[in-house]
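Encoded as structure tokens, the structure appears first; notes follow it.
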2 protein chains.
Amino acid sequence: MNEGVEWALHSCVNLCFIPGEAVTAKRLAAFYNLPTAYLNKQLQALTRAGILTSTSGPKGGFQLARRPDKISVLDVVTAIDGPEDAFRCTQILKSGPGADPKADYRKICVISQSMRKAELTYRRELAGKTIADLVRQVETSYPATADDTRNWFANLKS
Amino acid sequence: MNEGVEWALHSCVNLCFIPGEAVTAKRLAAFYNLPTAYLNKQLQALTRAGILTSTSGPKGGFQLARRPDKISVLDVVTAIDGPEDAFRCTQILKSGPGADPKADYRKICVISQSMRKAELTYRRELAGKTIADLVRQVETSYPATADDTRNWFANLKS
DNA sequence: GTAGAGTTACTCGGATACCCCATGTCCGAGTTATTAGGG
DNA sequence: CCCTAATAACTCGGACATGGGGTATCCGAGTAACTCTAC
């Protein structure tokens, strides 16, 4: 899995602490000492997926495109890592003896079915968790984090 | 995910159709027109993991190291693809402001927790399915496959 | 003081290099079947 | 005919190339804030 997924999720959570204001990739990157241009690339992907909105120029930056409880963790993962399953069925049965050339082995191969079923439970788990859930968990377990983060972004001078 | 996982699972199922006999990587590869040496590499990994046993020389080859109902799909996936989770938490929180240098953020970061929880359901699903289950499914849905496969391996002359 | 036009600085966005790992290949160590020869 | 030893062939095992995608970077298009001037 792409490493940018981790960055994207953390950035989305941080954006929740700075509502109604565009935050630049530069500042989001400085928060974790990440390479600015590369994080920008990930944020672009989130923008293309409709999760963030971007504005150019001074006072520009990124912000959430919709309410955090309408953004699932799966949305972010899919935006960064792509929609393909981890297990790619290449239908090797088609190269085997007695194969049906016009059959779709991605659907009828029991191995493909089993792997796909497991991935569906995985995706269902991620789809059931929203950015808002993550924020709530942070606020419950670490009450100071929200204010600390807000202050850090407010006081950042460079 | 490594493509060899697909090959390994299919090969394990095929080995179930040829009990009590060592099958060479060459023949297993010929069944699906796979590159022999590369499939051999995957079978080596299964051997290191204790899933297969290998014998050298003429009449050598691979066979299952234990009963198919004692080999889970997860065992095979782990043997080929490694034990690491797909989502690797790099603990970027450690580089953030107000971080605890001696904390293990892989355990306390809510994002890491969520991703890990989802992967656990994924692994649990794969752990609950055995090679024997796959074989049984094949035999139920495609009754001719078992005999056809046996005959193909028996009649292979090269 | 105010409006407006020009300038400046800043940000995103995509095009461009770099590098590591999955993919693919090859040759040697070891083992067993085979065979030839002698008893 | 039978036993033994040398031979040969076959297989796994790991070491060695190669290519594609993730990683990282840079520069240009566009935009909004700022400033200066004229009224």
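By convention in this document, chain letters (A, B, ...) are assigned in the order of the sequence lines, proteins followed by strands, and residues within each chain are numbered from 1.
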Report task. Find the distance A:Met1:CE to D:dG21:P and express it as a whole number of Å. Result -> 18 Å
Report task. Check DNA chain D against residues 76-96 of chain B and give the residues with a non-hydrogen atom under 4.0 Å, in numerical order. Result -> B:Arg88
Query raised in the report: What are the two closest non-hydrogen atoms of A:Tyr105 and A:Ser112, and how far apart are they?
Result: O-CB, 4.0 Å
Query raised in the report: Rounded to the nearest Å, what distance is computed from the NZ atom of residue B:Lys41 to the C1' atom of nucleotide D:dC16?
Result: 10 Å
Query raised in the report: Mapping A:Glu3 and B:Val23 onto DNA chain D by nearest heavy atom, which one lands closer to the 5' end?
Result: B:Val23
Query raised in the report: Under 3.5 Å, is there a donor-acceptor pair linking the side chains of A:Ser11 and A:Asn14?
Result: no
Requested in this report: Classify the nucleic acid contact of A:Asn40 as base, sugar-phosphate or nothing, counting any heavy atom under 4.0 Å across all strands shown.
Outcome: base
Query raised in the report: How close do A:Gln113 and A:Lys107 get, heavy atom to heavy atom, and via which atoms?
Result: NE2-O, 2.7 Å
Query raised in the report: Atom CD of A:Gln44 to atom C1' of C:dG14: distance rounded to whole Å?
Result: 7 Å
Query raised in the report: Which whole-number value in Å describes the distance from A:Leu46 CG to C:dG14 P?
Result: 13 Å
Query raised in the report: How about B:Arg67: does its CZ atom have over 12 heavy atoms from other parts shown lying under 6.0 Å from it?
Result: no
Report task. To the nearest Å, give me how far apart CZ (B:Arg27) and C1' (D:dC12) are. Result -> 15 Å
Requested in this report: Identify the heavy atoms of A:Leu126 and B:Ser114 that sit nearest to each other, and give their distance.
Outcome: CD2-O, 4.4 Å
Query raised in the report: Around atom CZ of A:Arg123, are there more than 12 heavy atoms of other residues, nucleotides or ligands at under 6.0 Å?
Result: yes
**Report entry** Given DNA chain C, 5'-ward residue of the pair A:Ala25 and B:Gly4, judged by closest heavy atom
**Finding:** A:Ala25
Query raised in the report: Does B:Leu120 share a hydrophobic cluster with A:Met1, counting links as ILVMFWY side-chain heavy atoms below 4.5 Å and allowing steps through other members?
Result: no
Query raised in the report: Contact class for B:Ala22 (heavy atom, under 4.0 Å): base, sugar-phosphate, or nothing?
Result: nothing
Query raised in the report: For residues 47-56 of chain B, which residues have at least one heavy atom under 4.0 Å from DNA chain D?
Result: B:Arg48, B:Ser54, B:Thr55, B:Ser56
Requested in this report: State whether a side-chain donor-acceptor pair under 3.5 Å links A:Asp148 with A:Thr145.
Outcome: no
Query raised in the report: What's the CD-C1' distance between B:Gln42 and C:dG24, to the nearest Å?
Result: 10 Å
**Report entry** Whole-Å distance separating the NZ atom of A:Lys26 from the P atom of C:dG13
**Finding:** 17 Å
Query raised in the report: So, do A:Tyr32 and A:Trp7 have ring centers that fall under 6.0 Å from each other?
Result: no
Report task. Nearest whole angstrom, please: distance from the P of C:dA22 to the CD of B:Glu6. Result -> 17 Å
**Report entry** B:Leu64 and B:Cys16, any side-chain heavy atoms less than 4.5 Å apart
**Finding:** yes
Query raised in the report: Where do B:Arg66 and B:Gly50 come nearest, in terms of heavy atoms and distance?
Result: NH1-O, 3.1 Å
Query - Nucleic acid contacts - residues 31-39 of chain B versus DNA chain C, non-hydrogen atoms under 4.0 Å - result: B:Pro35, B:Ala37, B:Tyr38
Query - Nucleotide nearest B:Trp7 when distance is taken to its side chain, options C:dC12, D:dA24, C:dG24 - result: C:dG24
**Report entry** Straight-line distance of A:Leu9 CG to B:Met115 CE, nearest 0.5 Å
**Finding:** 6.5 Å
